[in-house]
Amino acid sequence: MRVGLFIPCYVDQFYPDIGLATVELLEQFGCEVDYPEAQTCCGQPMANTGCRDDAAPLARRFVEIFNAYDYVVCPSGSCVAMVTHHYHDYFREHDPAYTAIQQKTFELTQFLVDVLHADKFDVRFPYRVGLHNSCHGLRELRLGSSSERMLTLENKAETLLRKVEGLTLVNLQRPDECCGFGGTFAVSEEAVSCMMGNDRIADHQQAGADVITAGDMSCLMHLDGLIRRQKKPVAVMHIAQILAGRKPGKA
């Protein structure tokens, strides 16, 4: 199984260990992992800001680079949602190259559960963990259930975390609430974004979480900024880091 590793810009620039942890996990389950160095941004920041013409060549380049692989895997629900749910604007209807990419591009937890059927992780993580479910992961990729829909879906991240020895998942009051990041929303609506982030942190703290985890480091980056500035006693870790055996500390 040859996997093309797609790494988000912010992970590449600020949190490279998440990429390394992702590789370790995929190789642990027998994947041949390749990191195509020609990859660039998926175009989500441009598209979200309304700069569609700037996003178009990035979308076409992505499809060109990754079409050679059996699967494309990315440790970010928002980037995967951009590729699988929003690239259609940049291709003609039923374009075979894009259709192929749609069908074989997966968020990491989705790939581990649905494709690799990962059933065991030889790690121990004796901490109380709060799971933050990102908006893109829930509402576009359907990686779990969201409160506005009367559907019960398997939560991919929760399924994986429950396989880790010693890990205790805490119960949140609002498990599907937005963290307030929203990319450029955090810049254009700073006050609202920070209030939403503080609400999420407070929910994890009332539940007694030692660590906040998620499948999107963008959400965790936003929360971690608030945590550090307010010197709150809680760590953030991407789920790939927990599953690969990392310990709480610097993200």
Side-chain angles (χ1 to χ4, degrees), residues 3-8 10-11 15 18-19 21-22 25-26 29 31 42 44 48 71-88 101-121 125 129-164 167 169-183 196 200 203-204 207 209 211-223 236-244:
V3 172
L5 180 64
F6 169 40
I7 294 297
Y10 51 87
V11 170
Y15 306 102
I18 295 167
T22 300
L25 284 170
L26 294 175
F29 289 97
C31 297
C42 66
Q44 182 185 181
N48 288 352
Y71 293 97
V72 182
V73 177
C74 174
S76 167
S78 64
C79 294
V80 170
M82 176 64 186
V83 172
T84 59
H85 286 61
H86 300 287
Y87 269 14
H88 56 78
I101 281 290
Q102 275 185 302
Q103 294 172 349
K104 64 184 178 181
T105 300
F106 290 84
E107 183 269 345
L108 177 62
T109 65
Q110 184 183 34
F111 189 69
L112 288 171
V113 172
D114 294 344
V115 179
L116 297 180
H117 307 294
D119 59 358
K120 185 179 180 181
F121 298 92
F125 197 79
V129 176
L131 173 61
H132 172 70
N133 296 289
S134 73
C135 296
H136 286 91
L138 286 188
R139 295 172 174 90
E140 291 195 307
L141 300 182
R142 301 300 173 192
L143 302 181
S145 301
S146 53
S147 55
E148 66 270 15
R149 297 190 68 181
M150 302 300 290
L151 294 173
T152 301
L153 301 173
E154 177 188 27
N155 188 297
K156 311 295 186 187
E158 185 176 321
T159 295
L160 296 169
L161 290 171
R162 291 195 183 280
K163 299 179 185 297
V164 176
L167 188 151
L169 273 172
V170 301
N171 295 316
L172 303 177
Q173 294 176 348
R174 296 293 298 270
D176 67 339
E177 192 168 87
C178 177
C179 70
F181 176 60
M196 294 173 69
R200 295 313 312 130
D203 193 4
H204 286 270
V211 177
I212 301 175
T213 193
D216 277 83
M217 195 61 211
S218 52
C219 300
L220 294 176
M221 177 173 65
H222 174 57
L223 297 177
V236 304
M237 293 179 69
H238 191 280
I239 190 172
Q241 295 175 301
I242 293 177
L243 299 178

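Predicted model only: the values in this text are computed from it and were never measured.
Taking the side chain as every heavy atom from C-beta outward, L112 and L243 approach each other to under 4.5 Å. In this structure the side chain of L116 reaches within 4.5 angstrom of the side chain of C31, judged on heavy atoms. Residues L25 and F121 are in side-chain contact: their nearest non-hydrogen atoms beyond the backbone lie under 4.5 Å apart. Contact of the F125 side chain with the M237 side chain is registered, since non-hydrogen atoms from C-beta on lie closer than 4.5 Å. At a threshold of 4.5 Å between non-hydrogen side-chain atoms, the residues M217 and P8 do not count as touching. When side chains are defined from C-beta on, F6 counts as touching C42, because their heavy atoms get closer than 4.5 Å. Counting heavy atoms from C-beta outward, R200 and M196 have side chains that stay 4.5 Å or more apart. A heavy-atom distance below 4.5 Å is found between the side chains of V3 and F111.
Defined by atom type and a distance below 3.5 Å, a donor-acceptor pair is missing between the side-chain atoms of D176 and S146.
Note that CD1 of I239 and CG of D216 are 11.0 Å apart. Values are rounded to the nearest 0.5 Å. We find the NE2-OG distance between H136 and S76 to be 8.5 Å, quoted to the nearest 0.5 Å. Rounded to the nearest 0.5 angstrom, S218 OG and Q44 CD are separated by 7.5 Å. Rounding to the nearest 0.5 Å places CD1 of I242 at 9.0 Å from CG of L131. The distance from the CD atom of E177 to the CG atom of L172 is 10.0 Å, given to the nearest 0.5 Å. Here NE2 of H204 is found 7.0 Å from CG of L223. Values are rounded to the nearest 0.5 Å.
Of the possible donor and acceptor atoms, one in the side chain of S145 sits under 3.5 Å from a partner among the backbone N and O of L153. Distance alone, capped at 3.5 Å, is enough to place a donor-acceptor pair between the H238 side chain and the G215 backbone. A donor-acceptor contact shorter than 3.5 Å is absent between the side chain of H132 and the backbone of C219.
Contact record, L143 with Q110: CD2-CB, 3.8 Å, taken as the closest heavy-atom pair. Closest non-hydrogen pair, G77 versus L141, comes out as O-CD1, 3.5 Å. For the pair V11 and G19, the tightest heavy-atom approach, listed with the atom from each and the gap, is CG1-N, 3.9 Å. Looking at every heavy atom in both residues, C79 comes nearest to C74 through CB-SG, 4.0 Å. In terms of heavy-atom proximity, T22 sits nearest to P75 at OG1-CB, 3.6 Å. Pairing each heavy atom of A240 with each of L108, the nearest pair is CB-CD2, 3.6 Å.
Listed by first and then second residue, the salt bridge (charged side-chain N to carboxylate O under 4.0 Å, His left out) pairs that reach into residues 104-118 are D114-K156, sequence neighbours excluded.
By the side chain to side chain donor-acceptor pair (under 3.5 Å) test, N155 is found to be paired with N133, residues two or more places apart in sequence or in another chain being considered. Not a single side chain to side chain donor-acceptor pair (under 3.5 Å) links T105 to another residue, sequence neighbours left out.
Ring geometry for H222 against F181 counts as tilted: the plane angle lies between 30° and 60°, on a 0 to 90° scale.
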